[in-house]
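Before any comments, here is the structure.
The model shown is predicted, which means the values in this text are computed figures rather than measured ones. All ligand and atom numbering here is 1-based and tracks the order in the structure.
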Amino acid sequence: MTRKGKEDFRSYNSSVSDVYILGIESSCDETAAAVVRSGEELVSNVVASQFATHQPYGGVVPELASREHLRAIVPVVRQALDDAGKTYGTIDAIAVTKGPGLAGSLLVGLSYAKALAYAVEKPLIGVNHLEGHIHAVLLEERQKGNWELEFPVLALVVSGGHTHLYLAERKQDGWVYHDVGHTRDDAAGEAFDKVAKLLELGYPGGPVIDFLAQHGNPEAVKFPFAQIKHRDRNPQNRHADDELRVDFSYSGIKTAVLRYVETHDMREKIAQRRKATAGLAKRSLADYLAVCDKQTLDLVASFQRAVVDDLVSKTLLAAREHNIATLFVTGGVAANSELRRTFEARAAEEGVPVYFPSRKLSTDNAAMIAAAAYPRFLAGEFAEPEFSAEAALRLR
Ligand code: KG4
Ligand code: ZN
C-alpha cells in the first residue's frame with residue numbers, strides 16, 4: 001500500500017508541478033477534507049462541525065466525537081473531491097492527521113484514509129496536526145503570491161488543545177520545529193471554552209466571548225499573570241536551553257473567573273441564562289448578548305484582555321530572546337479579533353511582521369493537512385503499513 005522513495009512518487013505523476021493532495025482531518029470535533037494543489041492553492045475545503053452535538057455538554061465528548069466522525073467522513077471526503085472537480089483516480093496522494101488529538105477521533109480519519117489509499121492505490125502521508133496549523137499560514141501566503149519569508153520564524157500555535165511556541169526552520173525541502181515554549185496546564189482555547197461553560201455561554205466559547213467582549217469593559221476586572229521562571233517538573237519537557245524558554249499557564253485564570261463569580265453572587269444570573277437559552281435550538285451571538293448583563297460582559301472582556309495580553313507579551317518576549325524575523329500566529333484562538341489586533345499593533349512596534357491564516361483556516365480544517373503533506377510528498381516520505389494514530393504526537 002505505501003511506497004517510499006522519490007522514484008516512486010515520480011511514477012505517480014506525469015508532472016511534478018501540479019500535485020493534488022486530498023487532506024483528511026478528524027483529530028477533535030471537526031470532520032474535514034480538502035484538496036490542495038502543490039501546497040499553494042486551496043482547491044476545495046469542507047468542514048463538518050460537531051458543535052451542535054457537544055454544545056449541551058459545554059465541551060467535546062470523545063465517544064460522541066468518534067461517532068459523528070464515522071457518520072460524516074464519507075460524505076465530507078466525497079464533497080471535497082466533487083468541489084475540486086477531482087476523483088479518487090485523479091488525486092496524487094492522501095494526507096491524514098496522525099496526531100495529536102483524541103485517539104478515537106484520530107482513528108476514524110486514519111483508518112478511512114488508510115483503506116482509501118490502499119483501494120485507490122495512492123500514497124498515504126501522515127501529518128502532525130500542529131504542523132498543519134503552521135502550514136495553514138504558508139498555504140495562504142503562497143496563494144497570495146508571497147513566496148518570501150525571512151527566517152528565523154517563530155510560530156505560536158494556540159487552540160483548544162495547544163498553546164505552543166515553535167521555532168520553524170527549513171531543512172532541505174522540508175521543515176523542522178523546535179519547541180521553545182508551551183503551556184504547563186490548560187491551552188488558551190480551553191480557558192475560553194471553560195469560562196464560557198461556567199458562564200453558560202455555549203460551546204465553543206471562543207467565538208462567543210470574542211463577540212461579547214466587544215460590549216464589555218476590559219479594564220473592569222484585573223487578572224494578573226505570572227511569568228513562569230521555574231523549570232518544568234516533567235523531565236521529558238526539559239530542554240538544554242531552558243533559560244530561553246517562555247512557558248504559559250491558563251488554568252489559574254479559569255479559577256480566578258470562578259472565584260469572581262462566587263464572590264460577586266453571579267450564580268443566579270448564570271442559572272437564569274441557562275433557562276433562557278435552553279429552549280433555543282440554535283443560539284446566535286445576538287441571543288447570548290441579549291441574556292448578558294453589564295457585569296458578565298465586563299467579566300468576559302476582562303478575561304479576554306488578560307489572556308490576549310499574556311499570549312502577546314510572552315510570544316514577543318520569545319521573539320526577542322530568539323531574535324526572530326517573522327511571526328506566525330495560528331490555531332483556533334488565532335481567529336480572535338482582539339488577539340489579531342493586539343499582535344498586529346505590538347509586533348509592528350518591534351518591527352516584526354506577523355502572519356495569521358484567514359479565520360476559516362485558523363480553526364481545524366484539512367487544507368492545512370494537505371498543505372503540510374506536500375514537502376513530504378516531494379521527499380517521498382510516505383506512511384508505512386503499520387502507521388497508526390498517536391494521540392500525544394510531538395512536533396519536531
Ligand atoms: O484549532 P481548533 O479548531 O481545534 C484545536 O486544535 O483545538 O481550535 C478550537 C479552539 C476552541 O477552544 C475555540 O473556543 C477557540 O479555538 N476559538 C476561539 C475563537 N474561535 C475559536 N478562541 C477565541 N476567539 C475566537 N474567535
Ligand atoms: Zn487544531
Measure centre to centre between the rings of [X] and [Y], then say whether the value is under 6.0 Å.
X: Trp175; Y: Tyr374; result: no
X: Phe192; Y: Phe303; result: yes
X: Phe382; Y: Phe377; result: yes

Considering only non-hydrogen protein atoms, determine which one is nearest to [atom] and report residue, atom name and distance to 0.1 Å.
atom: atom 24 (N) of ligand 1; value: Asn336 ND2, 3.0 Å
atom: atom 9 (C) of ligand 1; value: Gly160 N, 3.7 Å
atom: atom 22 (N) of ligand 1; value: Gly206 CA, 3.3 Å
atom: atom 8 (O) of ligand 1; value: Gly332 CA, 3.3 Å
atom: atom 13 (C) of ligand 1; value: Asp193 OD1, 3.8 Å
atom: atom 26 (N) of ligand 1; value: Asp210 OD2, 2.9 Å

Would you tell me whether Thr31 and His69 have side-chain atoms, one donor and one acceptor, within less than 3.5 Å of each other?
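Note: Thr31 and His69 side chains meet the donor-acceptor criterion.
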
Distance-only polar pair, side chains of Thr315 and Arg346, donor-acceptor under 3.5 Å:
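No, no side-chain donor-acceptor contact under 3.5 Å.
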
Could Lys197 and Tyr203 be counted as a cation-pi pair, given that NZ or CZ must be under 6.0 Å from the ring centre and within 45° of the axis?
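Not satisfied by the 6.0 Å and 45° rule.
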
Is it true that some N/O/S atom of His162, main chain or side chain, lies under 2.8 Å from the Zn ion (ligand 2)?
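False for His162.
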
Is the Zn ion (ligand 2) under 2.8 Å from any N, O or S atom of Cys28?
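No N, O or S atom of Cys28 is closer than 2.8 Å to the Zn ion (ligand 2), so no.
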
Below 30° counts as parallel, above 60° as perpendicular, anything between as tilted: where do the rings of Tyr260 and His264 land?
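Ring orientation, 0 to 90° scale: parallel.
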
Proximal atoms of ligand 1 relative to Gly161 (non-hydrogen, under 4.0 Å):
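This gives 7 (O) as the contact atoms.
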
Hey, is [X] close enough to [Y] for a salt bridge, meaning N to O under 4.0 Å?
X: Glu68; Y: Arg71; answer: yes
X: Asp82; Y: Arg78; answer: no
X: Lys254; Y: Glu190; answer: no
X: Glu131; Y: Arg376; answer: yes

To which of Gln304, His129, Glu190, Glu338 does the heavy atom nearest atom 6 (O) of ligand 1 belong?
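Checking each option, the heavy atom nearest atom 6 (O) of ligand 1 is found in His129.
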
His129: which N/O/S atom is nearest the Zn ion (ligand 2)?
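Of all N, O or S atoms in His129, the Zn ion (ligand 2) lies closest to NE2.
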
Name, closest N/O/S atom of Asp364 to the Zn ion (ligand 2)
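Atom name of the closest N, O or S in Asp364: OD1.
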
Quick one: does ligand 1 sit under 4.0 Å from the side chain of Asp364, the backbone, both or neither, non-hydrogen atoms only?
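Within the 4.0 Å criterion, Asp364 contacts ligand 1 through backbone and side-chain atoms alike.
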
Heavy atom under 4.0 Å from ligand 1: found in His162's side chain, backbone, both, or neither?
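It is neither part, as no heavy atom is under 4.0 Å.
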
Does ligand 1 have any atom sitting under 4.0 Å from a heavy atom of His133?
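So His133 counts as touching ligand 1.
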
With a cutoff of 4.0 Å, is Pro207 in contact with ligand 1, counting heavy atoms of the residue only?
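It does; at least one heavy atom falls under 4.0 Å.
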
Is the closest N or O pair between Gly189 and ligand 1 shorter than 3.5 Å?
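The answer is yes, given that Gly189 and ligand 1 share an N or O pair closer than 3.5 Å.
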
Taking distance alone, with N or O pairs closer than 3.5 Å, would you say Pro204 contacts ligand 1?
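In fact, backbone or side chain, Pro204 has no N or O that close.
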
